[in-house]
Amino acid sequence: MVLSTGNNKTRTAVFISGTGSNLKSLVKFSKTKISPISINFIVSNNPKSKGLNYAKKFKIKKKVLNFKNKKLSENKLLSILKKNNIEMICLAGFMKILSKNFIKKFKGKILNIHPSLLPKYKGLNTHQRVLNNKEKYSGCTVHFVNSRLDSGIIILQKKVKISKKDTESSLAKKILVQEHKLYPKAILKVFNL
Ligand code: GRF
């Protein structure tokens, strides 16, 4: 990805829909010296996202857009992101699918984290499907976003062993711990650091 680092960190927006634990880990990472990004904006489609509390906690601007009219919400969002000089977007549990037009505007600059070893188990209910298929391993993937769901170029993956005792929620928890480490590592990789 060609992004200027220089002395200034790349201004990044994080898009969430829920708890925002990946957002929290990204904010912590962004405050370290080695981080090439700063988190300057939080976007959610869900006004009840717990993760929105991090906006206040870390003094980051936020915007909630309902995406009921996708074109309208995206156009509004594009102009807000432009106004705030946002150069990069990290999707972190964002449950809306961005349009081709939106993705084109941030070509090669949108990353996503998915809780499976892509290309396996794209989409929702990942952990339950993995368990139903009696997989021995699952994991998480950070990838570039293209116009097809969970299908962009893979940046990094982390494998997680599944134990016989694992349930949907224990597996989700185990993988989430790895997600928090993987996303920052993937960002460093994107910047060749
Ligand atoms: C994570 O498992 C992420 O991979 C998936 O949604 C979950 C979001 O968790 N896309 P959080 O909101 O970051 O805690």
Working to the nearest 0.5 Å, report the span between [atom1] of [X] and [atom2] of [Y].
X	Y	atom1	atom2	result
Ile60	Ser38	CD1	OG	9.0 Å
Ile89	Leu77	CD1	CG	6.5 Å
Asn112	Phe144	CG	CZ	12.0 Å
Asn132	Lys134	CG	NZ	7.5 Å
Asn75	Leu65	CG	CG	11.0 Å
Ile37	Arg11	CD1	CZ	12.0 Å

Taking [Y]'s backbone N and O only, do any of them form a donor-acceptor pair with [X]'s side chain (distance below 3.5 Å, no angle check)?
X	Y	answer
Thr141	Ser116	yes
Ser151	Leu149	yes
Ser44	Val64	no
Ser35	Thr32	no
His114	Tyr121	yes
Lys9	Ser30	yes
Glu74	Ser99	yes
Gln178	Lys159	no
Ser73	Lys70	no
Asn53	Lys50	yes

Side chain proximity check, [X] to [Y], heavy atoms < 4.5 angstrom:
X	Y	answer
Val145	Phe106	no
Leu26	Thr12	no
Met95	Leu124	yes
Pro36	Ile187	yes
Asn146	Ile103	no

Which atom of [X] lies closest to which atom of [Y], heavy atoms considered:
X	Y	result
Asn22	Ala92	CB-CB, 3.8 Å
Ile162	Glu135	CD1-O, 3.4 Å
Lys96	Asn66	CE-O, 4.3 Å
Leu131	Glu168	CD1-N, 3.4 Å
Ile34	Leu193	O-CD1, 4.0 Å
Thr10	Glu87	CA-OE2, 3.5 Å

Should [X] and [Y] be counted in the same cluster of Ile, Leu, Val, Met, Phe, Trp and Tyr side chains packed under 4.5 Å apart?
X	Y	result
Ile155	Leu182	yes
Phe58	Leu23	yes
Val190	Val27	yes
Tyr183	Phe191	yes
Ile175	Leu156	no

Exercise. Among Phe94, Phe67, Phe41, whose ring pair (Phe, Tyr, Trp, His ring centres under 6.0 Å) with Phe15 holds?
Worked result: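 Filter result, single survivor: Phe94.
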
Problem set entry | Over 12 foreign heavy atoms within 6.0 Å of NZ, Lys122 |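 Yes, NZ of Lys122 has more than 12 neighbouring heavy atoms, counting only those of other groups under 6.0 Å.
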
For this session: Return yes if a side-chain donor-acceptor contact under 3.5 Å exists between Asn45 and Ser17, otherwise no.
Result: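 Result is yes, a qualifying pair exists.
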
Exercise. For residues Lys105 and Asn101, is any side-chain donor paired with an opposing acceptor at under 3.5 Å?
Worked result: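 There is such a pair (donor and acceptor under 3.5 Å, judged by atom type) between the side chains of Lys105 and Asn101.
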
Exercise. Who are the side chain to side chain donor-acceptor pair (under 3.5 Å) partners of Asn84, not counting sequence neighbours?
Worked result: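 With sequence neighbours excluded, Asn84 shows a side chain to side chain donor-acceptor pair (under 3.5 Å) to Lys61, given in chain and number order.
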
For this session: May I have the step-by-step check of side chain to side chain donor-acceptor pair (under 3.5 Å) for Ser21 and His180, ending in yes or no?
Result: CA-CA 8 Å; Ser21 68; His180 299 157; 2.8 Å; yes

For this session: Would you kindly check if the NZ (Lys) or CZ (Arg) of Lys24 is within the cone defined by 45 degrees around the ring axis of Tyr54 and under 6.0 Å from the six-membered ring centre?
Result: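 No, Lys24 and Tyr54 do not form such a contact.
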
